[in-house]
**Q** 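A single structure is presented below for examination.
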Amino acid sequence: MFNLTPAGPVGPVSAGAVVDLLWLHVAAPDGIKHIHARSGPAGVDVVMFTVASDQGIADVIARTVCRRALSSTPALRGWRLL
């Protein structure tokens with residue numbers, strides 16, 4: 001699990017919208033099977049389920065997908081990955 005949090009003032013983004021935006025940045029080789037997000041007091045908590053062979057690889061894949069989304073999605077500008 002990781003957290004997306006605003007780095008400053010940003011427009012509201014629902015947990016469902018975050019899931020949809022993350023799916024736009026998933027490539028078949030990533031092996032992502034499910035994405036779940038929940039809004040919380042510090043931003044949006046995100047969980048991704050993958051077919052990775054171990055947790056370390058799954059973490060790298062999830063963070064890579066998240067960074068892709070943060071860097072190229074206007075609705076997520078001003079958000080950061082924790």
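Just the heavy atoms: all of them, side chains too, but no hydrogens, waters or symmetry mates, feed the values below. What you are looking at is a predicted structure, and each value in this text was computed from that prediction instead of being measured.
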**Q** Stepwise, does the side-chain contact (heavy atoms from CB on, under 4.5 Å) test hold for Leu4 with Cys66?
**A** CA-CA 9 Å; Leu4 295 177; Cys66 188; 3.1 Å; yes

**Q** Looking only at atom types and distance, does a side-chain atom of Thr5 sit under 3.5 Å from a main-chain N or O of Ala42, one as donor and one as acceptor?
**A**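 Yes; judged by distance alone, with no hydrogens or angles, the pair exists.
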
**Q** Mind listing the closest non-hydrogen atom pair of Ala52 and Ala58 along with its distance?
**A**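 Answer, listing the atom of Ala52 first, then Ala58: CB-N, 3.6 Å.
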
**Q** Do Leu81 and Leu70 have side chains that get closer than 4.5 Å, going by heavy atoms?
**A** yes

**Q** Taking all atoms of both residues into account, what is the closest heavy-atom pair of Ser72 and Pro74, and its distance?
**A**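 Here Ser72 and Pro74 meet closest at O-CD, 3.6 Å.
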
**Q** Would you check if the side chain of Asp54 reaches a backbone N or O of Gly56 as a donor-acceptor pair within less than 3.5 Å?
**A**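 Between the backbone of Gly56 and the side chain of Asp54 there is a qualifying donor-acceptor contact (under 3.5 Å).
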
**Q** Mark yes or no for whether Arg68, through its side chain, and His25, through its backbone, hold a donor-acceptor pair below 3.5 Å.
**A** yes

**Q** Find out whether Ile35 and Trp23 are in side-chain contact, i.e. whether some heavy atom of one side chain is under 4.5 Å from a heavy atom of the other.
**A**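 Contact flag for Ile35/Trp23 side chains = yes.
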
**Q** Provide the closest heavy-atom pair for Pro6 versus Gly43 in the form atom of the first, atom of the second, distance.
**A** CD-CA, 4.3 Å

**Q** Would a 4.5 Å heavy-atom cut-off, applied to side chains only, mark His36 and Val19 as touching?
**A** no

**Q** A side-chain contact here means heavy atoms from C-beta on lying under 4.5 Å apart; do Leu24 and Asp20 qualify?
**A** no

**Q** Looking only at non-hydrogen atoms, find the nearest pair between Leu21 and Ala69 and report the distance.
**A** O-CB, 4.4 Å

**Q** Determine whether Arg63 and Ile61 make a side-chain contact, defined as any pair of heavy atoms from C-beta on separated by less than 4.5 Å.
**A** no

**Q** State, yes or no, whether a side-chain contact exists between Thr50 and Lys33 at a heavy-atom distance under 4.5 Å.
**A**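 They are not in side-chain contact.
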
**Q** Check whether more than 12 heavy atoms from other residues, nucleotides or ligands sit under 6.0 Å from atom CZ of Arg38, and answer yes or no.
**A** no

**Q** Can you tell if the side chain of Leu22 reaches within under 4.5 Å of the side chain of Val46, non-hydrogen atoms only?
**A** yes

**Q** With a 3.5 Å distance limit and no angle check, can you tell me whether Thr73 reaches the backbone of Leu76 through a side-chain donor-acceptor pair?
**A** no

**Q** Let me check something: do Trp79 and Leu82 share a hydrophobic cluster, defined by ILVMFWY side-chain heavy atoms less than 4.5 Å apart, either directly or through other members?
**A** no

**Q** Check the pair Phe2, Asp59 against side-chain contact (heavy atoms from CB on, under 4.5 Å), reporting the backbone distance first and the verdict last.
**A** CA-CA 9 Å; Phe2 56 91; Asp59 291 344; over 6 Å; no

